[in-house]
There are 2 protein chains.
Amino acid sequence: MKENYTIKDIAELAGVSKGTVDRVIHKRGKVSPKALEQVNKVLDKIEYKPNPIAKSLKNNKIYNIAILLPDADADPYWLPCYEAIKQIEQEFSHFGIKINKGVFKPKSTKSFTKAADLVIAEKPDAVLMVPLFYKEAEHVAKMCVAAGIKIATFNNYIKEPQINLEIGQDLFQSGRVAAKLFNMLLGNKATLAVLHIDEAFQNASHMQEKERGFKDYFAQKELAYTINVHNIKKESKIPFDQTIENFLKSLDAVDGLFVTTSKAYLLANHIAAYLPKSFIIGYDLVAENIKYLEEDKIAFLIHQDPKKQVYLSLTNLIEFFLFDKPLQESLTLPIDIINTENYPQYLN
Amino acid sequence: MKENYTIKDIAELAGVSKGTVDRVIHKRGKVSPKALEQVNKVLDKIEYKPNPIAKSLKNNKIYNIAILLPDADADPYWLPCYEAIKQIEQEFSHFGIKINKGVFKPKSTKSFTKAADLVIAEKPDAVLMVPLFYKEAEHVAKMCVAAGIKIATFNNYIKEPQINLEIGQDLFQSGRVAAKLFNMLLGNKATLAVLHIDEAFQNASHMQEKERGFKDYFAQKELAYTINVHNIKKESKIPFDQTIENFLKSLDAVDGLFVTTSKAYLLANHIAAYLPKSFIIGYDLVAENIKYLEEDKIAFLIHQDPKKQVYLSLTNLIEFFLFDKPLQESLTLPIDIINTENYPQYLN
DNA sequence: TTGTACGCGTTATCAC
DNA sequence: GTGATAACGCGTACAA
């Protein structure tokens with residue numbers, strides 16, 4: 001009949017008081033067998049779902065969520081994450097949610113560890129982090145588990161079974177998406193280059209997963225593709241842009257270039273001069289990539305939606321704390337294919 | 001200093017009672033000039049945001065939202081919408097939200113009008129509809145406005161300035177997305193066919209917007225593309241599939257086919273026999289389209305995410321009623337490009 | 001072992 | 001005009 005029964009309703013139906021019903025529901029004991037039976041009889045018939053609103057109204061506990069993420073000044077890829085945090089703070093300002101940012105330099109493991117230590121010292125209820133550095137992140141996860149702090153990751157993965165919530169993209173599959181796009185563009189035979197362009201290689205596992213998926217596609221379809229892998233890293237004293245140009249100079253002709261990081265723009269900058277007929281597929285809607293996408297120097301971008309990742313991670317944690325919603329252990333977001341015509345809507 | 005001031009806080013600061021503060025905030029009058037000034041002085045200094053939790057706890061009003069949408073048996077495209085409704089009902093069951101479905105046959109204006117009349121007769125607080133039939137939908141919108149019912153649309157648009165909330169895709173732009181994809185696949189010169197395949201042509205304006213965007217792209221880029229438009233409609237007594245096959249038989253060779261509806265699968269079924277080298281780009285992740293996508297008979301699909309459309313429409317309306325969040329008059333969702341490798345994540 | 005009373009913030013009603 | 005008070009549903013402290 002009724003939609004939502006309250007504790008009061010149940011108490012009346014069972015002929016006992018609210019307090020007794022509460023004790024039965026929360027299994028606090030101190031209930032006579034008779035009362036227990038009466039209440040359970042009612043609970044069997046109806047479905048009781050406690051009202052989450054009333055619950056959180058009374059709850060004046062403040063939940064502290066720490067978030068460890070890279071500095072957006074160092075890499076604009078992370079900028080949308082900060083917007084998501086701001087949005088969440090506003091949306092949940094009345095629910096007693098505090099978010100504490102631990103910002104680290106994306107090239108420095110020390111900076112990561114320091115930020116983590118600072119943040120954990122305040123004993124938050126949960127830590128959400130970008131586990132850029134494998135070993136260090138594993139250590140943080142273990143520390144959190146030991147301290148009873150919920151631990152969540154986004155954007156990257158570490159193989160730590162105790163992680164409570166993982167949100168990210170299927171990187172292997174995103175490599176396959178890029179492969180399929182090249183396959184559509186180039187047909188059954190071509191020469192491709194996979195480029196891991198990263199100033200510091202902190203994204204090693206990230207990049208390798210994408211490469212694996214990329215190669216897997218062509219292997220599985222048994223296509224006559226030649227695929228060469230190149231690692232491009234900043235050399236001290238030489239500007240990164242110069243390193244890229246030198247690399248392109250020395251590269252044999254290829255039909256397509258797959259850049260596994262957000263640095264496709266560094267390549268696109270010189271593509272017209274050295275490989276005017278090659279297609280570039282890269283990752284991430286950062287401003288510089290969009291510029292070259294619009295100039296048709298980048299064919300496609302794959303969007304990892306960091307904003308959505310943070311937003312989902314945080315709402316999931318918050319609803320766990322406030323409303324006892326279970327944490328979704330692992331959540332894989334769509335792999336968005338971006339071209340000149342559809343990118344604006346993805347920027348919000 | 002403080003994050004969230006309560007009415008009680010304000011009352012203490014102003015030296016009046018909660019009741020008076022409430023009357024000032026809600027402009028109910030019956031407040032002396034002196035008290036008014038004292039309260040306003042406090043309100044100027046601090047920012048008062050009423051606690052939505054307490055508000056909705058007290059609020060025992062039930063909000064009725066009617067949703068007019070096509071039968072999913074007639075067209076599986078609408079199936080995800082029903083999932084979204086179920087999800088919303090669960091999520092907001094404690095907030096006094098009732099959703100009343102008015103299901104109509106997608107080929108029958110009478111069925112639409114009948115469902116609308118039934119639903120409006122119950123005087124809901126809002127009507128959310130798919131305005132498949134222009135005139136009839138306009139009429140419904142006007143009736144709602146007259147009756148003080150909030151009116152929202154999704155998936156399609158009507159030019160009725162009184163609509164309170166519109167959610168959908170930029171159809172013109174989605175035509176451009178398809179055009180760009182063909183441009184990437186085929187280079188600077190090709191022959192394309194635009195196919196409006198629809199059993200009843202109830203989507204006329206929908207299809208034309210896509211066609212306009214499609215042509216606009218090539219015109220703007222001044223590319224040497226030949227584009228022919230074909231309307232394919234069910235003829236009485238002849239199976240639709242047969243009509244499609246006859247059409248393909250009579251069609252001169254083309255490099256690509258752009259299907260502006262979700263019926264690309266009808267074409268894909270015969271593509272190997274008649275146009276083995278042509279690319280098909282169509283709309284919507286319905287099961288039959290996915291089948292041919294996987295067989296590489298459809299090159300790309302454009303996803304309109306009807307589930308997300310319904311979900312966003314409903315949450316927007318609900319948050320308007322419960323938390324006084326303003327209605328976003330018009331919201332345009334991303335245009336998702338789908339291939340064999342990324343479709344699973346979009347199906348949830 | 002049980003029932004009652006209180007507080008969370010907002011709103012509405014009711015005496016004064 | 002104004003301030004006190006009840007009610008929403010839950011959790012819990014406390015008295016019986």
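Throughout, a chain's letter reflects where its sequence line sits, starting with A, and its residues are numbered from 1.
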To the nearest Å, how far apart are A:Asp324 CG and D:dG9 P? 19 Å

Counting N and O atoms only, with roles assigned by atom type, does the side chain of B:Gln309 sit under 3.5 Å from a partner on the main chain of B:Gln304, one being a donor and the other an acceptor? yes

ring-ring contact (aromatic ring centres under 6.0 Å, His included) contacts in which one or both residues fall within residues 30-70 of chain A, not counting sequence neighbours: A:Tyr63-A:Phe321

Check whether any side-chain nitrogen or oxygen of A:Thr20 sits under 4.0 Å from OP1 or OP2 of C:dT2, and answer yes or no. no

Whole-Å distance separating the CZ atom of A:Phe95 from the P atom of C:dC8: 18 Å

Interatomic distance, B:Lys34 NZ vs D:dT2 P [rounded to whole Å]: 9 Å

Within this structure, what is the CZ-to-P distance between A:Phe323 and D:dG11, rounded to whole angstrom? 13 Å

Reading nucleotides 9-16 of chain C from 5' to 3' and marking B where a protein heavy atom lies under 4.0 Å of the base, S where only the sugar-phosphate is that close, and - otherwise, the string is BBBS----

Can you measure A:Leu322 atom CG to D:dC10 atom C1' for me and round it to whole angstrom units? 14 Å

List the steps and the verdict of side chain to side chain donor-acceptor pair (under 3.5 Å) for B:Tyr5 and B:Asn51. CA-CA 9 Å; B:Tyr5 289 87; B:Asn51 186 329; over 6 Å; no

Determine the minimum heavy-atom distance between B:Lys308 and B:Pro334, stating which atoms define it. NZ-CD, 4.2 Å

Are B:Asp125 and B:Lys61 close enough for a salt bridge, meaning some N to O gap below 4.0 Å? yes

Those residues of residues 35-44 of chain B lying under 4.0 Å from DNA chain D by at least one heavy atom: B:Ala35

Atom pair distance, as rounded to whole Å: CD in B:Glu12 and C1' in D:dG3: 14 Å

Nearest atoms (heavy-atom pairs only) where A:Ile120 meets A:Cys144: CD1-SG, 4.0 Å

Which heavy atom in B:Tyr82 sits nearest to a heavy atom in B:Ala72, and how many Å separate them? CE1-CB, 3.8 Å

For A:Thr332 and A:Gln169, which heavy atoms make the closest approach, and how far apart are they? CG2-C, 4.2 Å

